Amino acid sequence: MQQIDWIILCVTLLSIVVYGVYKTKGSKNVEEYILGNQETNWWTVGLSVMATQASAITFLSTPGQAYHDGMGFVQFYFGLPIAMVVICVTFIPIYNRLKVFTAYEYLENRFDLKTRSLASILFLVQRGLGTGLTIYAPSIILSTLLGWNLTLLNIIIGILVIIYTFTGGTKAVNVTQKQQMFVIMSGMFITFFLILYMLPNDMTFSNAMHIAGANDKMNILDFSIDPESRYTFWSGITGGFFLMLSYFGTDQSQVGRYLSGKSIRESQMGLIMNGFLKVPMQFFILLTGVMVFVFFQFNDVPLNFNPVNKEIIEKSEYAEQYHTLEEQLVALTEEKKEYNLLYMDHLNQNYDNPILRSRLVALSGKEKDLREQAKTLISKADGKAETNDKDYVFLYFILNYLPKGLIGLLLAVILSAAMSSSASGLTALASTTSIDIYKRNLKVTKSDKHYVNATKFFTLVWGIIAILFACVSALFENLIQLVNIIGSIFYGTVLGIFLVGFYFKYVKANAMFLSACLSQSIIFLLFYFSIFSQPSGQEKLGYLWLNFIGAMLTLLFAVLFQFTTNQKNKMIA
């Protein structure tokens with residue numbers, strides 16, 4: 001990195017923190033600190049909701065996901081617009097009518113304290129892990145590629161987030177997320193068009209899409225019903241729908257964003273905005289990854305994008321074999337470049353040459369084979385090495401091919417995204433701990449100022465916990481998938497509790513609590529036997545289905561237990 005990159009990076013991040021502290025200091029009561037006095041307009045709600053979900057993992061992992069596997073990951077988001085409509089019609093009016101600070105307050109009104117506490121604890125566990133990951137994700141990759149100290153990076157990112165979140169609460173998060181989304185999308189658009197500019201002179205965007213298509217990167221829709229397939233149209237509109245419904249409807253990190261809206265209508269418009277823009281945004285980020293793939297069809301590419309693996313192999317007895325693979329990749333890259341240029345010439349003459357297309361597919365298959373051989377050697381050199389390099393693809397491109405100044409901006413994009421999602425997570429964890437656990441179980445009445453200070457204290461505590469978790473985390477396959485897997489384990493059960501509360505009025509507290517406990521236990525077992533115990537990428541059940549199964553089991557058991565209880569009561573009577 002050059003001096004200009006450091007200046008842009010530091011100025012961008014510090015200005016966001018200072019602005020957040022300046023605009024929001026001095027919250028006088030709980031409503032102002034947790035709900036931002038419900039003064040947020042609809043477009044700020046929409047941007048805040050988008051920024052909360054768009055963590056650094058989104059901008060690090062998604063392009064790498066597209067580079068390796070193509071555009072199919074976009075199907076994960078197909079259920080989101082439908083979920084936004086359901087939340088706007090059902091969830092928001094109920095939350096606003098009850099004037100709740102957190103989503104879980106509703107559950108005590110509908111069921112009882114133990115159900116509220118169970119949902120709160122499930123949320124705290126999964127969001128605590130998720131917030132630690134949003135700090136860890138950029139830290140592990142930046143430290144690997146730039147040689148920065150991993151622990152120090154975790155601490156710096158965590159402290160920056162804690163400063164303005166501790167000071168201003170929800171309002172600080174909303175205010176800063178507008179600036180963060182501007183930085184994020186500006187950086188991504190500049191990068192996308194710069195990639196197009198760096199492609200060969202005669203190449204049009206249409207030609208680039210054809211080359212990507214010839215390499216199976218543009219297969220957007222998969223209508224197969226194979227449960228082992230992670231991303232299909234059906235898993236997206238079912239499992240994805242239930243995941244999004246639970247995340248946006250019951251996860252306090254998102255619920256807190258739209259509870260701060262000026263009115264029900266403003267909150268609803270903010271979510272509808274997210275429903276309209278989120279899928280196109282993810283499509284664009286994936287397309288950027290695909291364009292990086294096209295770029296590397298004409299430029300040198302490493303055998304494995306993770307530089308740590310290169311160091312491991314160089315110190316091992318397999319270094320010579322690895323160098324042989326690298327030489328083969330260099331020769332293959334030159335051959336690919338030659339055939340891609342020839343294919344492009346034919347495309348410019350409006351002829352999609354099937355022979356050249358099949359040759360490109362064959363060359364792509366050879367490259368995949370070389371990469372798999374490289375992974376095997378790396379694993380032999382170090383059994384604990386993470387051979388999956390999806391998370392390193394985009395940042396490798398940024399650091400090695402972008403001009404001075406833009407590197408600093410893109411790193412600011414990644415860290416801004418980490419800060420925005422981490423800040424939402426901390427405010428949600430703090431408000432849930434303060435309102436649903438601390439205040440609810442406190443036997444004496446305290447002042448508003450006391451609960452503001454308590455929430456600030458829990459913000460600090462959860463910030464420290466998140467930093468500690470980030471410091472002890474280990475990279476696990478593709479980070480964006482790991483975050484969604486963690487959510488899928490818990491979200492289905494929590495969503496089922498809320499759906500029963502909203503739509504099955506005859507189900508009482510005990511039946512609900514027992515069904516939630518049983519459902520969550522089954523999901524843990526399903527996760528272990530179908531995913532966790534299987535080799536990487538070979539799970540028996542795509543993790544998105546856990547959301548659907550968890551929600552349905554919770555509904556089914558709640559109705560069944562309540563029916564059994566009613567029958568027993570009739571027999572006694």
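Everything numeric here is computed off the predicted structure, so don't read it as measured data. Heavy-atom basis, side chains included; hydrogens, waters and symmetry copies ignored.
Taking all atoms of both residues into account, the shortest heavy-atom contact from Pro302 to Arg371 is O-NH1, 3.0 Å. Here the shortest heavy-atom pairing between Met218 and Gly213 reads CG-N, 3.7 Å.
In this structure Glu326 satisfies the side chain to side chain contact (heavy atoms under 4.5 Å, CB included) test together with Leu303, Lys310, Tyr322, His323, sequence neighbours excluded. Applying the side chain to side chain contact (heavy atoms under 4.5 Å, CB included) rule to Leu221 yields the partners Gln75, Phe78, Phe223, Phe233; only residues at least two apart in sequence or on another chain are considered. Listed by chain and residue number, Thr324, Leu325, Leu370 satisfy the side chain to side chain contact (heavy atoms under 4.5 Å, CB included) test with Gln328 (two or more places apart in sequence, or in another chain).
Looking at Glu367 and Lys336, a side-chain N of the basic residue comes within less than 4.0 Å of a carboxylate O on the acidic one, giving a salt bridge. Using a 4.0 Å cut-off between charged nitrogen and carboxylate oxygen, Lys217 and Asp69 do not count as a salt-bridge pair.
Ring to ring, Phe305 and Phe397 are not that close: their centroids are 6.0 angstrom or more apart. Side-chain rings of Phe205 and Phe193 stay apart, their centers remaining 6.0 Å or farther from each other.
Between Phe73 and Phe76, the angle of the ring planes stays under 30°, which puts this pair in the parallel group of the 30/60° scheme. Between Phe490 and Phe524, the angle of the ring planes goes over 60°, which puts this pair in the perpendicular group of the 30/60° scheme. Using cut-offs of 30° and 60° on the angle between ring planes, the pair Tyr67 and Phe293 is perpendicular.
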Verdict with supporting geometry, Tyr343 and Asp352, side-chain hydrogen bond (donor to acceptor under 3.5 Å, both in side chains):
CA-CA 8 Å; Tyr343 182 59; Asp352 190 346; 2.6 Å; yes
Please assess Asn207 against Asn348 for the test side-chain hydrogen bond (donor to acceptor under 3.5 Å, both in side chains), listing each intermediate value before the final yes or no.
CA-CA 8 Å; Asn207 289 348; Asn348 287 333; 2.8 Å; yes
Evaluate side chain to side chain contact (heavy atoms under 4.5 Å, CB included) for Gln126 paired with Ile489, printing each intermediate quantity in order.
CA-CA 8 Å; Gln126 65 89 11; Ile489 294 171; over 6 Å; no
Determine, step by step, whether Ser48 and Thr44 satisfy the side-chain hydrogen bond (donor to acceptor under 3.5 Å, both in side chains) criterion, reporting the C-alpha distance in whole Å, the side-chain angles of both residues, the deciding distance to 0.1 Å, and the verdict.
CA-CA 6 Å; Ser48 185; Thr44 300; over 6 Å; no
Given the rule in the side chain to side chain contact (heavy atoms under 4.5 Å, CB included) test, do Tyr491 and Leu245 qualify, once you have shown the distances and angles that lead to the verdict?
CA-CA 9 Å; Tyr491 278 141; Leu245 192 62; over 6 Å; no
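Under the 3.5 Å distance criterion, the side-chain polar atoms of Asp369 are left unmatched by any main-chain donor or acceptor of Gly365. Judged by distance alone, the side chain of Tyr258 and the main-chain N or O of Phe248 form a donor-acceptor pair under 3.5 Å. Judged by distance alone, the side chain of Ser246 and the main-chain N or O of Leu243 form no donor-acceptor pair under 3.5 Å.
When the shell of 6.0 Å around NZ of Lys375 is examined, it contains more than 12 heavy atoms from other residues, nucleotides or ligands.
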